[in-house]
J.: 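Pasting in a structure now, in structure tokens, and then I'll have a few things to ask.
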Amino acid sequence: MLWDAGHVNDIDLRQLRYFVAVAEERNFTRAATRLAMTQPALSRAIRALEDSVGTALFVRLHRDVQLTAAGTVLFDEARGIDELTQAAVARAARAGRERPRLRVAARACEITALDHLVRTYHARFPQEQPPEAVFVNWQTRTDALRNGEADVGLLRRPFDDHGLDSDLLWTEPRVTLLSAGHPLASRTVSGGTG
């Protein structure tokens, strides 16, 4: 069967969200519960998506499903589309409710860097509302950016940069403190002493 690009017009964001849920859960029943829909309705939606794509996206096993090669490609792309769409809707809703304000995600321990960023932004754009800090923990820092809760984030590597643009702002030296009696305390390292 030849692939027809016109079929892409038949795919909607809801189908991609359903597909992502099944791919992440590896099970139609769990995905249907997560999506608050019936399993037969979810199965029909996935079959319709597979018809539009023109190939199987899942290998259906007795209890679970596995992604096909085509499913793996679509999953990598669809997850990003869903995240970007949700973030765009969240930012649009926020902009409609209030005067836009830059929201910066940071961990509480990065208060010095955050304070510098806020002061610099406010000095450069005094007519804008001051930026708002969105404090996050290390596990949710990228989630705040992807879901539209924050516009900019102060992140430390390593982090999952899927769907994010990043620039290195600065590097910090790493220091290890040991008690004087520790076996490694007597070692020397390049550029320093133990």
J.: Mind checking what makes side chain to side chain contact (heavy atoms under 4.5 Å, CB included) contact with Ala48, not counting sequence neighbours?
T.: Gln15
J.: If Ile, Leu, Val, Met, Phe, Trp and Tyr residues are connected whenever their side-chain heavy atoms lie under 4.5 Å apart, and connections chain through other members, are Phe75 and Val59 in the same group?
T.: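 No, it is not one cluster - the side chains of Phe75 and Val59 are not joined through contacts under 4.5 Å.
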J.: Listed by chain and number, what are the side chain to side chain contact (heavy atoms under 4.5 Å, CB included) partners of Phe125, not counting sequence neighbours?
T.: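 Side chain to side chain contact (heavy atoms under 4.5 Å, CB included) list for Phe125, sorted by chain: Tyr121, Gln127, Glu128.
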J.: How far does CD of Glu25 sit from OG1 of Thr33, to the nearest 0.5 angstrom?
T.: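 Rounded to the nearest 0.5 Å, the CD-OG1 separation comes to 8.5 Å.
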J.: According to salt bridge (charged side-chain N to carboxylate O under 4.0 Å, His left out), who are the partners of Asp76, at least two apart in sequence or on a separate chain?
T.: none
J.: Say you draw a straight line from CG of Leu35 to CZ of Arg14; how long is it, rounded to the nearest 0.5 Å?
T.: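 Answer rounded to 0.5 Å: 11.5 Å.
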J.: About how many Å separate CD of Glu24 and CZ of Arg30, when rounded to the nearest 0.5 Å?
T.: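 If I round to the nearest 0.5 Å, the distance is 12.0 Å.
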J.: For Ala56 and Ala70, which heavy atoms make the closest approach, and how far apart are they?
T.: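 Looking at all heavy atoms of both residues, the shortest contact is O-CB, 4.0 Å.
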J.: The criterion is side chain to side chain contact (heavy atoms under 4.5 Å, CB included); which residues satisfy it with Pro40, sequence neighbours excluded?
T.: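 Applying side chain to side chain contact (heavy atoms under 4.5 Å, CB included) to Pro40 gives Thr38, Arg44.
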J.: Say you draw a straight line from CG of Leu74 to CZ of Phe19; how long is it, rounded to the nearest 0.5 Å?
T.: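 Taking CG in Leu74 and CZ in Phe19, the distance rounds to 4.0 Å.
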J.: Establish whether Leu49 and Met37 are linked, either directly or via other cluster members, by ILVMFWY side-chain heavy-atom contacts under 4.5 Å.
T.: yes
J.: For Glu77, what residues pass the side chain to side chain contact (heavy atoms under 4.5 Å, CB included) criterion, not counting sequence neighbours?
T.: none
J.: Using the side chain to side chain contact (heavy atoms under 4.5 Å, CB included) rule, pick out the option among Thr68, Asp64, Val22 that qualifies with Phe58.
T.: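 Considering Thr68, Asp64, Val22, a side chain to side chain contact (heavy atoms under 4.5 Å, CB included) with Phe58 is found only for Val22.
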J.: Go through the structure and list residues passing salt bridge (charged side-chain N to carboxylate O under 4.0 Å, His left out) with Arg26, not counting sequence neighbours.
T.: none
J.: Using 0.5 Å steps for rounding, measure from the CG atom of Leu13 to the OG1 atom of Thr85.
T.: 4.5 Å
J.: Is Val73 reachable from Leu57 through a run of I, L, V, M, F, W or Y residues, each pair having side-chain heavy atoms under 4.5 Å apart?
T.: no
J.: Please check if atom CZ in Arg119 has more than 12 non-hydrogen atoms from other residues, nucleotides or ligands closer than 6.0 Å.
T.: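 For Arg119, atom CZ is not crowded (no more than 12 foreign heavy atoms under 6.0 Å).
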